[in-house]
Number of protein chains: 2
Amino acid sequence: MTQETARPPIDLGKDPLALDRQVCFALSVASRSVIAIYRPLLEPHGLTHPQYLVLLALWQSSPRSVRDLAETLRHEPATLSPMLKRLEALGYLTRRRDATDERQLAVELTEAGRALRAEAEKIPYRVVERLGMELGELEALHAALTRVLEATR
Amino acid sequence: MTQETARPPIDLGKDPLALDRQVCFALSVASRSVIAIYRPLLEPHGLTHPQYLVLLALWQSSPRSVRDLAETLRHEPATLSPMLKRLEALGYLTRRRDATDERQLAVELTEAGRALRAEAEKIPYRVVERLGMELGELEALHAALTRVLEATR
DNA sequence: CACTAACACTTAGCACGCTAACTGATAGGG
DNA sequence: CCCTATCAGTTAGCGTGCTAAGTGTTAGTG
């Protein structure tokens with residue numbers, strides 16, 4: 001027996017399919033556009049934006065499993081697996097089996113990976129500068145996006 | 001001679017690289033999460049989300065060139081080219097050379113493509129319902145994303 | 001009018017990002 | 001203690017999404 005909740009009818013106006021009113025469209029274009037800002041900043045280090053996010057996660061806590069990374073970054077392990085191999089090939093991390101549980105992989109920063117962090121500290125400032133938006137505006141956007149993430153969990 | 005603008009220094013706090021404070025991370029996860037809501041709704045029609053956006057653009061104006069579509073959707077023509085072929089294979093549109101300018105392609109909805117619109121009208125309502133967020137909240141998010149798009153133009 | 005620059009689109013190569021199927025390791029029940 | 005279900009990670013297949021290079025068409029200049 002499901003609870004009968006009185007749900008107010010949704011009104012999306014006369015053209016619900018108008019492209020420039022779709023949140024999904026604005027989201028995907030904004031995501032691609034912001035990632036494009038990072039591209040020239042990451043390219044000198046041989047990094048893509050998804051790889052950069054992996055490093056952010058590892059800079060917060062270093063030996064961690066693929067599953068842990070996947071949950072943190074909201075990715076499928078299958079997406080991370082090849083990415084981690086590329087990051088290993090770049091010399092930023094190592095992949096070895098956990099001694100106590102051979103199923104798990106211990107993904108760990110190398111010295112080069114840890115050293116990169118100092119360089120990367122500049123990146124957020126450059127991105128915010130390039131965006132030219134007020135910090136308060138960005139914080140409000142972040143809060144709104146966080147609401148979406150909670151709603152889609 | 002560049003204008004010397006007094007720029008207030010940006011302060012991103014003590015950990016500028018904290019993952020859960022990055023707008024770029026929230027953006028990419030939110031984008032993927034919202035697209036995931038569309039997936040089961042589009043799958044019955046054999047569509048992916050990017051393909052759905054192409055149809056939204058064509059429902060607004062139908063014979064249009066690849067370049068026109070690319071600018072509207074903020075894509076490279078090289079991204080659209082294979083997508084349009086797949087949409088043609090699905091029977092939703094036709095691709096033919098423009099008679100007056102053989103360089104351009106005239107991308108046009110088929111009868112099936114036009115008919116799909118009536119079905120698609122339901123999709124935005126289902127997505128909003130699934131998100132469970134207030135319309136005002138979504139409009140504010142859309143406005144914030146539009147600001148980002150203006151900033152990255 | 002010929003020649004070249006610009007244009008519209010396509011193809012190739014690479015890295016995601018997803019689902020589904022697979023491999024090997026561990027844990028839990030009979 | 002074995003046997004099976006579960007788990008962690010990998011691989012394959014497909015569709016983006018980007019850059020760079022290629023093809024054919026048009027326009028503009030000498």
Side-chain angles (χ1 to χ4, degrees), chain A residues 24-25 27-40 42-43 45-54 63-90 95-107 152, chain B residues 24-25 27-40 42-43 45-55 63-71 73-90 95-107 152:
Chain A
C24 65
F25 176 52
L27 260 177
S28 60
V29 177
S31 178
R32 288 191 282 114
S33 301
V34 170
I35 287 174
I37 294 178
Y38 282 83
R39 204 165 291 127
L42 295 175
E43 191 265 345
H45 307 291
L47 291 173
T48 64
H49 188 262
Q51 290 169 359
Y52 170 71
L53 294 181
V54 170
R64 58 201 297 183
S65 68
V66 174
R67 171 143 301 278
D68 184 14
L69 277 170
E71 276 161 16
T72 300
L73 298 169
R74 302 319 189 272
H75 269 307
E76 294 303 316
T79 299
L80 287 180
S81 204
M83 270 178 58
L84 294 173
K85 283 191 185 177
R86 281 185 278 267
L87 284 168
E88 185 180 40
L90 284 169
R95 295 157 61 252
R96 62 180 159 68
R97 289 286 159 184
D98 185 318
T100 67
D101 185 345
E102 289 281 335
R103 289 175 302 184
Q104 289 182 223
L105 209 62
V107 179
T152 55
Chain B
C24 66
F25 176 53
L27 260 177
S28 60
V29 176
S31 179
R32 289 192 282 113
S33 301
V34 170
I35 287 174
I37 294 179
Y38 282 83
R39 204 166 290 126
L42 296 174
E43 191 266 344
H45 307 292
L47 291 173
T48 64
H49 189 263
Q51 290 169 358
Y52 170 71
L53 294 181
V54 170
L55 290 182
R64 58 201 298 183
S65 69
V66 173
R67 170 143 301 279
D68 183 14
L69 277 171
E71 276 161 15
L73 298 170
R74 269 30 154 241
H75 268 308
E76 294 302 317
T79 298
L80 287 180
S81 203
M83 272 178 57
L84 294 172
K85 282 191 185 178
R86 281 186 277 268
L87 284 169
E88 185 181 40
L90 286 169
R95 295 157 63 251
R96 62 182 159 67
R97 289 286 159 184
D98 185 318
T100 67
D101 185 345
E102 289 282 335
R103 288 175 302 184
Q104 290 183 223
L105 210 62
V107 179
T152 55

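A quick note: this is a predicted structure, and the numbers were derived from the prediction, not measured. Below, chain A is the first sequence line, B the second, and so on; all start at residue 1.
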Is there a side-chain contact between [X] and the phosphate of [N], meaning an N or O under 4.0 Å from OP1 or OP2?
X: B:Lys85; N: C:dC9; result: no
X: A:Gln51; N: C:dC16; result: yes
X: A:His75; N: C:dC18; result: yes
X: B:Arg95; N: C:dT10; result: yes
X: A:Arg32; N: D:dC18; result: yes
X: A:Arg86; N: C:dC16; result: yes
X: B:Arg103; N: C:dC7; result: no

- Comparing A:Thr79 and A:Ala99 on DNA chain C - which has the more 5′ nearest nucleotide: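 Of the two residues, A:Thr79 wins.
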- Message: So B:Ala78, base contact, sugar-phosphate only, or nothing? Heavy-atom distance under 4.0 Å.
- Response: base
Among [options], the nucleotide that comes nearest once only the side chain of [X] is considered:
X: A:Glu102; options: D:dT25, C:dA25, C:dT10; value: C:dA25
X: A:Met83; options: C:dC16, D:dC18, D:dA8; value: C:dC16
X: B:Thr48; options: C:dT19, C:dG17, D:dG15; value: D:dG15
X: A:Ser81; options: D:dG15, D:dT10, C:dA12; value: D:dT10
X: B:Pro77; options: C:dT10, C:dT19, D:dC18; value: C:dT10

Let me know the distance between [atom1] of [X] and [atom2] of [N], rounded to the nearest Å.
X: A:Tyr38; N: D:dT19; atom1: OH; atom2: C1'; result: 21 Å
X: A:Arg67; N: C:dG24; atom1: CZ; atom2: C1'; result: 16 Å
X: B:Asp101; N: D:dA27; atom1: CG; atom2: C1'; result: 10 Å
X: B:Tyr52; N: D:dT16; atom1: OH; atom2: P; result: 15 Å
X: B:Leu80; N: D:dC18; atom1: CG; atom2: C1'; result: 12 Å
X: B:Glu88; N: C:dC9; atom1: CD; atom2: C1'; result: 14 Å
X: A:Glu76; N: D:dA8; atom1: CD; atom2: P; result: 13 Å
X: A:Leu105; N: D:dC7; atom1: CG; atom2: C1'; result: 14 Å

Looking at [X] and [Y], would you say the former's side chain and the latter's main chain have a donor-acceptor pair under 3.5 Å?
X: B:Ser81; Y: B:Pro77; result: no
X: A:Glu88; Y: A:Arg95; result: yes
X: A:Arg32; Y: B:Arg74; result: yes

- Task: Kindly indicate, with the supporting measurements, whether the criterion side-chain contact (heavy atoms from CB on, under 4.5 Å) is fulfilled by B:Leu47 and B:Leu90.
- Result: CA-CA 9 Å; B:Leu47 291 173; B:Leu90 286 169; 4.2 Å; yes
- Query: Should the pair A:Arg39-A:Glu43 be classified as a salt bridge under the 4.0 Å nitrogen-to-oxygen rule?
  - Reply: no
- Message: Reading DNA chain D from 5' onward, which residue's closest nucleotide shows up sooner: A:Ser33 or A:Asp68?
- Response: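 Nearer the 5' end of the strand: A:Asp68.
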- Task: Go through B:Arg86 and B:Thr48 one step at a time and tell me if the side-chain hydrogen bond (donor to acceptor under 3.5 Å, both in side chains) criterion holds.
- Result: CA-CA 10 Å; B:Arg86 281 186 277 268; B:Thr48 64; over 6 Å; no
